[in-house]
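Below: one structure, written as structure tokens.
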Number of protein chains: 2
Amino acid sequence: MPRAGLSHDAVVRLAVEVVDEAGATGFADLTLAKVAAKAGVAAPSLYKHVGSLADLRREVAVLSVRDLTAAGAAATMGRAGADALRALAEAWRQFARAYPGRYAATQIGPDPDDPADAVAREVAAESVQVVVSTLRGFGLPDERVIDAVRAVRSGIHGFVQLEQGGGFRLREDVDRSFEVLLDMLVAGVAALAAAPVTAGSPR
Amino acid sequence: MPRAGLSHDAVVRLAVEVVDEAGATGFADLTLAKVAAKAGVAAPSLYKHVGSLADLRREVAVLSVRDLTAAGAAATMGRAGADALRALAEAWRQFARAYPGRYAATQIGPDPDDPADAVAREVAAESVQVVVSTLRGFGLPDERVIDAVRAVRSGIHGFVQLEQGGGFRLREDVDRSFEVLLDMLVAGVAALAAAPVTAGSPR
DNA sequence: GAGTTTGGCTAATGGGCATAGCTTTATGGC
DNA sequence: GCCATAAAGCTATGCCCATTAGCCAAACTC
């Protein structure tokens, strides 16, 4: 009958621990029962602090996106151009390696219409903003920024996700492949900044 | 008491229908109960044709990867170089748009150790082989092929996944962004073929 | 047509989310 | 200090799903 001293934040923190402890599938496998067990509490007790499993999931996702954003921001501070872009990519990849479960939580797209996802949409936008800022030094024309940001996000995210999912054999060579990808992205963004009318090449 | 006339393949086919009907989350939401309902049969009856939900999932995933591979192969036949690469990317993206659920099924990485995932590993390798073949026309040195393949897979997969997940606002501009990404990949692969010692640039 | 295989079924178990309603702890006013 | 009330637990319950067990009828084989 003693109290566990839980709180909304404590529950979310425990949920993050559960996610972190279960590897890349940790987010998918997140369950109220596991959080309750870790809290030393019966499962229904969690509803005093959290609306539902879906809510808890959302919160973990938001927190994870914030962490990823912060990691990216920290890595790019004081850098510019290619240097910044490489640092961002490395930070992103490191985050995914250090916290696979949280990285997976990062990947769920917020529903554009659901009011419950408002915060998720907001932090996602902030995360994209870091990429925008990172590319600032390339001197891209305004109407090209969006394309460059998307290409960079796609490349990095795709690589990290494939790596996470074990999509690459020959583990030794993965670092070099990442460098090659970054070379492509750096050169590609630079080219996009240089060439006024490139998009939609001969085809 | 009449029989439903099910079979292993019929169950898998129905499962694919269930996945296709539920959008991008169709694969995650795949359930034996839904398949049974669609088959007009009680859920336990499915066990006469399928080992478990996990098995069924695996089979749907394998089938989905095969479809994606076939789509890529069909699109690149008779093309070479940049042309082939663009065609592959378009095919990939089209597939994801036409069958979001199946595309999601494609993304689960087979366990490298689990014998049950042997077929999944095999079809995944075949899928990668299509990319390898597609890049043949670029004249990449052997030891660079793997990097190029990974960059291409990362870029395309990342883009498609972000698009799928609603990661891009401004839907009108997405096609152009995809073209820009393809320009980068084409130029990047070409550069990789041209420059003997590029990877790991100044940093 | 008899026997066997096969493909259905119902019943039951266990785990997960969620709600309802009770009890106890802490807290805050007096 | 004491009592009222709000907050934080609990158990009990219901529903949905996967899975297992065991039964029964249909269909195929000879």
Quiz item: Which residue, A:Leu53 or B:Gly5, contacts DNA chain C at a nucleotide closer to its 5' end, judged by nearest heavy atom?
Solution: B:Gly5
Exercise. Pick base, sugar-phosphate or nothing for A:Ala33, based on heavy-atom distances below 4.0 Å to the nucleic acid.
Key: sugar-phosphate
Exercise. Measure the distance from CG on B:Leu46 to P on C:dT10 and round it to the nearest whole Å.
Key: 13 Å
Quiz item: According to a strict under-4.0 Å criterion, is A:Thr31 in side-chain N/O contact with OP1 or OP2 of C:dG15?
Solution: no
Quiz item: What integer distance in Å separates A:Arg57:CZ from C:dC17:P?
Solution: 9 Å
Quiz prompt | Side-chain ion pair, A:Arg97 and A:Glu163, N-O less than 4.0 Å | solution = yes
Self-check item: Any side-chain heavy-atom pair of B:Asp29 and B:Lys34 under 4.5 Å
Solution: yes
Quiz item: Between B:Leu30 (CG) and D:dC16 (C1'), how many Å, whole number?
Solution: 15 Å
Quiz item: Are the side chain of A:Asp117 and the backbone of A:Asp111 linked by a donor-acceptor contact shorter than 3.5 Å?
Solution: yes
Practice problem: Specify the separation, in whole Å, of atom NZ of A:Lys48 and atom P of C:dC22. | Solution: 12 Å
Exercise. Determine: side-chain N/O of B:Ser45 to OP1/OP2 of C:dG7, distance under 4.0 Å, yes or no.
Key: no
Quiz item: With sugar-phosphate meaning primed atoms plus P, OP1 and OP2, does B:Ala4 contact a base, only sugar-phosphate, or nothing at under 4.0 Å between heavy atoms?
Solution: sugar-phosphate
Quiz item: Counting side-chain heavy atoms from CB outward, which of D:dA25, C:dG8, C:dT25 is closest to A:Arg3?
Solution: C:dT25
Practice problem: Return no unless some side-chain N or O of B:His49 is found under 4.0 Å from OP1 or OP2 of C:dG8. | Solution: yes
Self-check item: Gap between atoms CG and P, on B:Leu32 and D:dT20 respectively (whole Å)
Solution: 11 Å
Quiz item: Rounded to whole angstroms, how far apart are NZ on B:Lys38 and C1' on D:dC17?
Solution: 19 Å
Quiz prompt | Ring-face cation of A:Arg150 near B:Phe159 (centre distance under 6.0 Å, axis angle within 45°) | solution = no
Quiz item: C:dT10, D:dT19, C:dG8: which one has an atom nearest the side-chain heavy atoms of B:Tyr47?
Solution: D:dT19
Quiz item: So, are B:Asp113 and B:Arg121 salt-bridged, with charged N and O less than 4.0 Å apart?
Solution: no
